Amino acid sequence: MRKRLFSLAAAVAAILWASPAADACTNIIVTKGASKDGSVMVTYSADSHVLYGELYRTPAADHAPGTMLKIFDWDSGRYMGQIPQIAHTYSTIGNMNEHQLIITETTFGGLSQLRDKDAIMDYGSLIYVTLQRAKTAREAIDTLTSLANEYGYASSGESFTIADKNEVWILELIGKGSKIVNGKNVNKGAVWVAVRIPDGYISSHANQARIRQFPLDDPDNCIYSPDVISFAKSEKLYKGKDADFSFADVYNPLDFSGMRGCEARVWSAFNRFADGMDEYVEYAMGHDTSKRMPLYVKPKAKISVKELADMMRDHYEDTPMDMRYDIGAGGHELPYRLRPMTFTCDGVEYTNERAIATQQTGFWLLGQARSWLPDEVGGILWFGVDDAATSCLTPIYTSSYDVPECFRVGNGNLITYSPTAAFWIFSRVANAAYLRYDLISKDIQKVIDRRENQAIAEIPAIDKAALEMLKVSPEAARQFLTNYSVDKAQSMFDEWVVLDNYLLVKYIDGNVKKEGPDGFLPNEFDATRAASPDQPGYSEKWKKAVAEDAGETLKVVPVK
């Protein structure tokens, strides 16, 4: 596990501990039988307000006996301690490894008294260390939970997606707190449960624990810590029958925020891909706890890479939580609300919606594991940075020897601008779009669609060429895939620089320049002067609100 290249203040780390569940991450899971091409697919948006978008890579390595691995908290960069290194570690790129193993997460927080601040392994370290040590999902579950138990679990409650080429599991885990006896924490470790998502189904989690009752005698589909129920009873958190025990209800009790800020995102994904989700809309809105959603659903049609990527751009469009048409959207139908998550007016508390696509994303991805291909070719990490709705995914083969310069760790950070970093150019474009979203987002989406569809269309030919090279030289095949991945990402970066310039010229000063097939139109006298621009003004909702607020001052009246 590498040390983060920049640290955050201890106060920021404390905030992350205290309130992760309302504004953090989203995972959507598609099993082999639910995808159009037979791949396992997992999405992840890392949505911390203090996370920079960069692509981590760790090469495979052999380690001498006695080698120790330093652990640093992923959120804050704080040094946590060290653990023994194993003899051989696998190469990783982002949240996938060379064996097409994928691990992602969302934080549900849960009961605060179950945190162990003196433990070594935080949730991020568990992910990236496990990726270096496991080949399959079941190996990863064993590795991750063993690390937490042996060295202590330092984070709050967490939902992990753990996927390989053939199956996907959701693992939900929370610490056991600190109970010091004779100078030792006798509660060190974690309680957890892991459920396999049946093939042909989809699932999702978004900062609220989702595993409720689970089978106690079906190890092919459910694995759990031996004390997951007995610990809850010993801590007086549960006193019912074992068969009725619900992990989510005991360790992460549901409230309005858990439904409206978290489960609503799951509902939105299910609603797009599956039938019958209308019956859960009141639950998603935080109005009715009796209609709990299932852990997984059967999609009405098989899902493509592009469809899944576009789901990560969702803002609850055309649902009761659509943000575009109330006055909070401003004059240009902005489908975002700034933090904090709630506000109070005249003694009444209100919520700000939190959709899947959100402005505070550091990086996001779609991991694709393809069982019919050798590992050198099969794994693709579709990777992007910043807000998913205004950024583009680009394919990174997980056998790559290198990462693109625009995603390189150390190329800028959240307090240091870099003109060669993808995060910063995507942020520039996104923040321009937020000002006039109804207009500018359409121009951005055209570029996203063209690039992503082109890359998806190219992949079969790239696979075929790599497979032929693999017969002769695995190294040559991997270098070929590295070159493709790097070149594709860098060309995307270059195009976003052009897009940034284009948007500035087109939308400067609130105008919209007229365009023809060859670019912006000049006036009829001088090719260097723009034609008279369009001035579309504001939305009807905005105009009505302004008229109501300041109508007497602004009203146009006849001159006496």
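Everything numeric in this text was worked out from a predicted model, so none of it was measured.
The shortest side-chain heavy-atom distance between Trp267 and Met321 falls under the 4.5 Å cut-off. Contact check for Val305 versus Leu366: side-chain heavy atoms found under the 4.5 Å cut-off. Put simply, the side chain of Glu54 does not reach to within 4.5 Å of the side chain of Phe363, judged on heavy atoms. Contact of the Asp37 side chain with the Gln368 side chain is registered, since non-hydrogen atoms from C-beta on lie closer than 4.5 Å. No side-chain heavy atom of Ile202 sits under 4.5 Å from any side-chain heavy atom of Ile28.
Ion pairing between a basic and an acidic side chain is recognised when a charged N comes within 4.0 Å of a carboxylate O; Asp47 and Arg265 show no such pairing. A salt bridge does not link Asp402 with Arg57: every distance from a Lys NZ or Arg NE/NH1/NH2 to an Asp or Glu carboxylate oxygen is 4.0 Å or more. Taking a cutoff of 4.0 Å between a charged side-chain nitrogen and a carboxylate oxygen, Arg260 and Glu353 qualify as a salt bridge. A salt bridge is absent between Arg292 and Glu279: the closest approach of a Lys/Arg side-chain nitrogen to an acidic carboxylate oxygen does not fall below 4.0 angstrom. Between Lys506 and Asp534, none of the side-chain N atoms (NZ, or NE/NH1/NH2) sits under 4.0 Å from a carboxylate O, so this pair counts as no salt bridge. Glu333 and Lys541 are not joined by a salt bridge, as no carboxylate oxygen comes within less than 4.0 angstrom of a charged side-chain nitrogen.
In the displayed structure, Tyr434 atom OH is contacted under 6.0 Å by more than 12 heavy atoms of other residues, nucleotides or ligands. Residue Phe160 qualifies as enclosed at atom CZ: its count of foreign heavy atoms under 6.0 Å is above 12. Other residues, nucleotides and ligands contribute over 12 non-hydrogen atoms within 6.0 Å of the NZ atom of Lys300. Enclosure of atom NZ in Lys446 is not indicated, since only 12 or fewer non-hydrogen atoms of other residues, nucleotides or ligands lie within 6.0 angstrom.
Aromatic pair Trp74/Tyr123: ring centres closer than 6.0 Å. Aromatic pair Trp424/Tyr417: ring centres closer than 6.0 Å. Aromatic pair Phe520/Tyr502: ring centres closer than 6.0 Å.
For residues 404-417, every residue pair satisfying the salt bridge (Lys or Arg N to Asp or Glu O under 4.0 Å) rule, not counting sequence neighbours, is listed here: Glu405-Arg408. Identified under the salt bridge (Lys or Arg N to Asp or Glu O under 4.0 Å) test for residues 545-560, with sequence neighbours left out: Glu552-Lys555.
Relative orientation of the Phe426 and Trp496 rings is tilted, given thresholds of 30° and 60° on the angle between their planes. Between His332 and Tyr538, the ring planes are tilted. Angles from 30° to 60° get that label. Using cut-offs of 30° and 60° for the angle between ring planes, the Phe407 and Phe383 rings count as perpendicular.
Counting only distance, with no hydrogens or angles, the side chain of Asn207 and the backbone of Thr106 share no donor-acceptor pair below 3.5 Å. With hydrogens and angles disregarded, no donor-acceptor distance shorter than 3.5 Å links the side chain of Thr390 to the backbone of Ala430. Proximity of a side-chain donor or acceptor of Thr31 to a complementary backbone N or O of Tyr201 within less than 3.5 Å is detected. A distance-only check finds a donor-acceptor pair linking the side chain of Ser485 to the backbone of Tyr397 [under 3.5 Å]. Arg337 contributes no side-chain N or O that, together with a main-chain N or O of Pro335, makes up a donor-acceptor pair within less than 3.5 Å. Put simply, the side chain of Glu458 never gets that close to the backbone of Ile456: no donor and acceptor are under 3.5 Å apart. Checking side-chain atoms of Arg370 against main-chain N and O of Ser39 turns up no donor-acceptor pair under 3.5 Å. Counting only distance, with no hydrogens or angles, the side chain of Lys513 and the backbone of Tyr507 share no donor-acceptor pair below 3.5 Å. Within the 3.5 Å criterion, the main-chain N or O of Gly347 finds no donor-acceptor partner in the side chain of Thr344. A donor-acceptor pair under 3.5 Å is formed between the side chain of Ser391 and the backbone N or O of Val385.
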* **From CA spacing to verdict: side-chain contact (heavy atoms from CB on, under 4.5 Å), Ile444, Val429** => CA-CA 8 Å; Ile444 298 170; Val429 168; 3.5 Å; yes

* Asked: Does the side-chain contact (heavy atoms from CB on, under 4.5 Å) test come out yes or no for Tyr56 and Val409, once each step is laid out?
  -> CA-CA 6 Å; Tyr56 319 139; Val409 171; 3.9 Å; yes

* May I have the step-by-step check of side-chain hydrogen bond (donor to acceptor under 3.5 Å, both in side chains) for Asn431 and Gln359, ending in yes or no? => CA-CA 9 Å; Asn431 279 270; Gln359 64 269 28; over 6 Å; no

* Asked: side-chain hydrogen bond (donor to acceptor under 3.5 Å, both in side chains) between Tyr280 and Asp288: does it pass, once the steps are laid out?
  -> CA-CA 9 Å; Tyr280 302 105; Asp288 184 358; over 6 Å; no

* Yes or no on side-chain hydrogen bond (donor to acceptor under 3.5 Å, both in side chains) for Thr319 and Asp322, after CA distance, side-chain angles and deciding distance? -> CA-CA 5 Å; Thr319 77; Asp322 194 331; over 6 Å; no

* Go through Leu499 and Val447 one step at a time and tell me if the side-chain contact (heavy atoms from CB on, under 4.5 Å) criterion holds. => CA-CA 8 Å; Leu499 177 62; Val447 183; 4.1 Å; yes

* Derivation of the salt bridge (charged side-chain N to carboxylate O under 4.0 Å, His left out) call for Arg451 and Glu495 -> CA-CA 10 Å; Arg451 284 205 65 94; Glu495 185 157 6; 2.9 Å; yes

* To do: Walk me through it: do Ser125 and Asp122 pass the test side-chain hydrogen bond (donor to acceptor under 3.5 Å, both in side chains)?
  => CA-CA 5 Å; Ser125 300; Asp122 69 289; 2.4 Å; yes

* To do: Could you check Lys306 against Asp449 for salt bridge (charged side-chain N to carboxylate O under 4.0 Å, His left out), going step by step and ending with a plain yes or no?
  => CA-CA 9 Å; Lys306 180 60 174 166; Asp449 289 342; 2.9 Å; yes

* Kindly determine whether Arg428 and Asp386 satisfy side-chain contact (heavy atoms from CB on, under 4.5 Å), including the steps that lead there. => CA-CA 10 Å; Arg428 289 173 66 98; Asp386 197 51; over 6 Å; no

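No hydrogens or angles considered: a donor-acceptor pair under 3.5 Å links the side chains of Ser418 and Asn411. There is a side-chain donor-acceptor pair under 3.5 Å between Asn95 and Tyr128. A side-chain N or O of Asp314 and one of Ser268 form a donor-acceptor pair less than 3.5 Å apart. Side chain to side chain, Thr104 and Asn27 meet the donor-acceptor criterion of an N or O pair below 3.5 Å.
The minimum heavy-atom distance linking Ala209 with Phe108 is given by the pair N-CB, 3.5 Å.
If you run side chain to side chain contact (heavy atoms under 4.5 Å, CB included) between Ser159 and each of His205, Arg210, Gln208, only His205 comes through. Between Ser400 and the options Thr482, Val486, Leu381, Leu55, a side chain to side chain contact (heavy atoms under 4.5 Å, CB included) holds for only Thr482.
A cation-pi geometry, defined here as NZ or CZ lying under 6.0 Å from the six-membered ring centre and within 45° of its normal, does not hold between Lys291 and Tyr283.
A distance of 9.5 Å separates OH of Tyr484 from CD1 of Ile396, quoted to the nearest 0.5 Å.
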